[in-house]
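Just below is one structure, and these are the notes that go with it.
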Amino acid sequence: MDILWFGVFALLLIGYFALEGFDIGLGMLLPVLGRTQKDRDRIVAAMAPFVLANEVWLVAVAGVLFGVFPSIEGDVLFGLYPLVVSLLISWILRDAGLWFRRRLDGRAWQAGWDWMICIGSYGLALSWGMALVAMAGGLSGPSIGLLGLGGGLVVAAALAFHGWTFASWLLPGQVTGASRDGRALLTSACVAAAPVAVLLAAAAPWLLDHTAPTGTLSVLSVMILPFAPVMVGAQVWTWRTFGPRRAADRIPSFF
């Protein structure tokens, strides 16, 4: 049962990076790809509809982490306190930028929120990378250091590539000057998820040593696993509704 739930946790975390990763990557690249206000509008309109559906995976990750591995909750929250705070602040900044940038007209208003999207996205990528490196080491070392920063930069580069590929797929030739098909997007999703998979494999012994009792895992199976089809269904609906065929209908008016 513990192996099964570790697999569920790994699948959810990898799924989060494969899906939400392109939103984070696009936010990081917003000043680079969005050279004009119209281009930035296109990019934000491309990523925004996917954000809420993809963030559901993060909520599921947090629930499974602290439900299946309850004894490490304090270790994670206090051992990674600076990174947890950075993740939360970055998450708020990025999402606030997406929601508020078009609420008022004005170049300065929109430019300010565009920078919040970019800064928040970089914060998410770097904080996630450093947190995963720390977890891979069983939280035995400092949460912030050269090794952690290196992990953060690797994750940030992978997510930026994923974001660029997503823009080339959803907005072919419009902001990246390139056109990519679904196979290229799948490849970039694998690139975005690869560092996470490697670090999870390194963290597996530490996580499995802190698994909840079998009875607790059985209860969680009854409570949580039935909702998996709902998450999958939401993703299918989002991609069918906001995929390339519908992109031209909402860009740049959406968000």
Side-chain angles (χ1 to χ4, degrees), residues 2-25 27-28 54-95 118-163 189-212 217 220:
D2 53 348
I3 299 294
L4 171 64
W5 272 104
F6 173 77
V8 171
F9 173 70
L11 179 63
L12 289 172
L13 189 58
I14 290 172
Y16 169 75
F17 276 88
L19 293 168
E20 177 67 358
F22 62 75
D23 285 328
I24 298 174
M28 294 164 58
N54 293 339
E55 286 179 341
V56 171
W57 290 73
L58 180 58
V59 176
V61 166
V64 171
L65 176 63
F66 297 133
V68 177
F69 311 104
S71 62
I72 68 171
E73 179 177 357
D75 295 337
V76 171
L77 292 179
F78 292 101
L80 300 180
Y81 183 77
L83 297 179
V84 172
V85 172
S86 176
L87 277 170
L88 291 175
I89 293 176
S90 299
W91 188 5
I92 292 170
L93 286 178
R94 195 280 302 267
D95 284 17
C118 179
I119 293 171
S121 298
Y122 269 102
L124 284 170
L126 294 172
S127 299
W128 266 117
M130 287 188 284
L132 288 171
V133 168
M135 291 180 65
L139 302 182
S140 59
S143 60
I144 299 176
L146 290 179
L147 182 60
L149 181 59
L153 291 174
V154 169
V155 170
L159 297 186
F161 173 70
H162 193 20
C190 293
V191 171
V196 183
V198 171
L199 293 171
L200 273 176
W206 175 67
L207 288 172
L208 290 172
D209 283 342
H210 296 82
T211 308
L217 298 181
L220 289 174

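Index from 1, following the sequence. Just so we're clear, the structure is a prediction, and the values are computed from it rather than from any experiment.
Taking W206 as the reference, nothing meets the side chain to side chain donor-acceptor pair (under 3.5 Å) condition, with sequence neighbours excluded. For Y122, the ring pair (Phe, Tyr, Trp, His ring centres under 6.0 Å) criterion is met by no residue, not counting sequence neighbours.
Summarising the geometry of S127 relative to S86, their closest heavy-atom pair is OG-OG, 2.6 Å, with the distance given to 0.1 Å. The minimum heavy-atom distance between M130 and G148, with the atom names listed, is CG-O, 2.9 Å. A203 approaches A136 most closely through the heavy-atom pair CB-CA, 3.7 Å. Of all heavy-atom pairs between L124 and L87, the closest is CD2-O, 3.8 Å. Across L200 and I14, no two heavy atoms sit closer than the pair CD1-CG1, 4.2 Å.
More than 12 non-hydrogen atoms from other residues, nucleotides or ligands lie less than 6.0 angstrom from CG of L11.
Side-chain atoms of R94 and D23, non-hydrogen and from C-beta on, do get closer than 4.5 Å to each other. Residues T211 and F6 are not in side-chain contact: their nearest non-hydrogen atoms beyond the backbone lie 4.5 Å or more apart. Between L13 and W128, the closest side-chain pair of non-hydrogen atoms falls below 4.5 Å. Within the 4.5 Å cutoff, the side chain of L4 has no heavy atoms near those of the F9 side chain. Side-chain contact between M135 and L80 is present, with heavy atoms from C-beta onward closer than 4.5 Å.
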Point to revise | I3 and L208: CA distance, side-chain angles, deciding distance, side-chain contact (heavy atoms from CB on, under 4.5 Å) verdict | key: CA-CA 8 Å; I3 299 294; L208 290 172; 3.9 Å; yes

Practice item. For side-chain contact (heavy atoms from CB on, under 4.5 Å), just list the numbers for L58 and W91, CA-CA rounded to whole Å, side-chain angles, deciding distance to a tenth of an Å, and then say yes or no. Key: CA-CA 11 Å; L58 180 58; W91 188 5; 3.8 Å; yes

Exercise for review: Evaluate the side-chain contact (heavy atoms from CB on, under 4.5 Å) criterion for residues L19 and W57: first the C-alpha distance (whole Å), next the side-chain angles of each, then the deciding distance (0.1 Å), finally the verdict.
Suggested key: CA-CA 9 Å; L19 293 168; W57 290 73; 3.6 Å; yes

Exercise for review: Just do the side-chain contact (heavy atoms from CB on, under 4.5 Å) check on F78 and V84 with the steps written out, would you?
Suggested key: CA-CA 9 Å; F78 292 101; V84 172; over 6 Å; no

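F69 and W5 have their aromatic ring centers separated by at least 6.0 angstrom.
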Mind listing the side-chain donor-acceptor pairs of residues 152-163 below 3.5 Å, one per line with the distance, residues two or more places apart or on another chain?
unit_1 : atom_1 : unit_2 : atom_2 : d
H162   : ND1    : S188   : OG     : 2.7
H162   : NE2    : A18    : O      : 2.7

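Residue L93 holds its CG atom at 11.5 Å from SG of C118, rounded to the nearest 0.5 Å.
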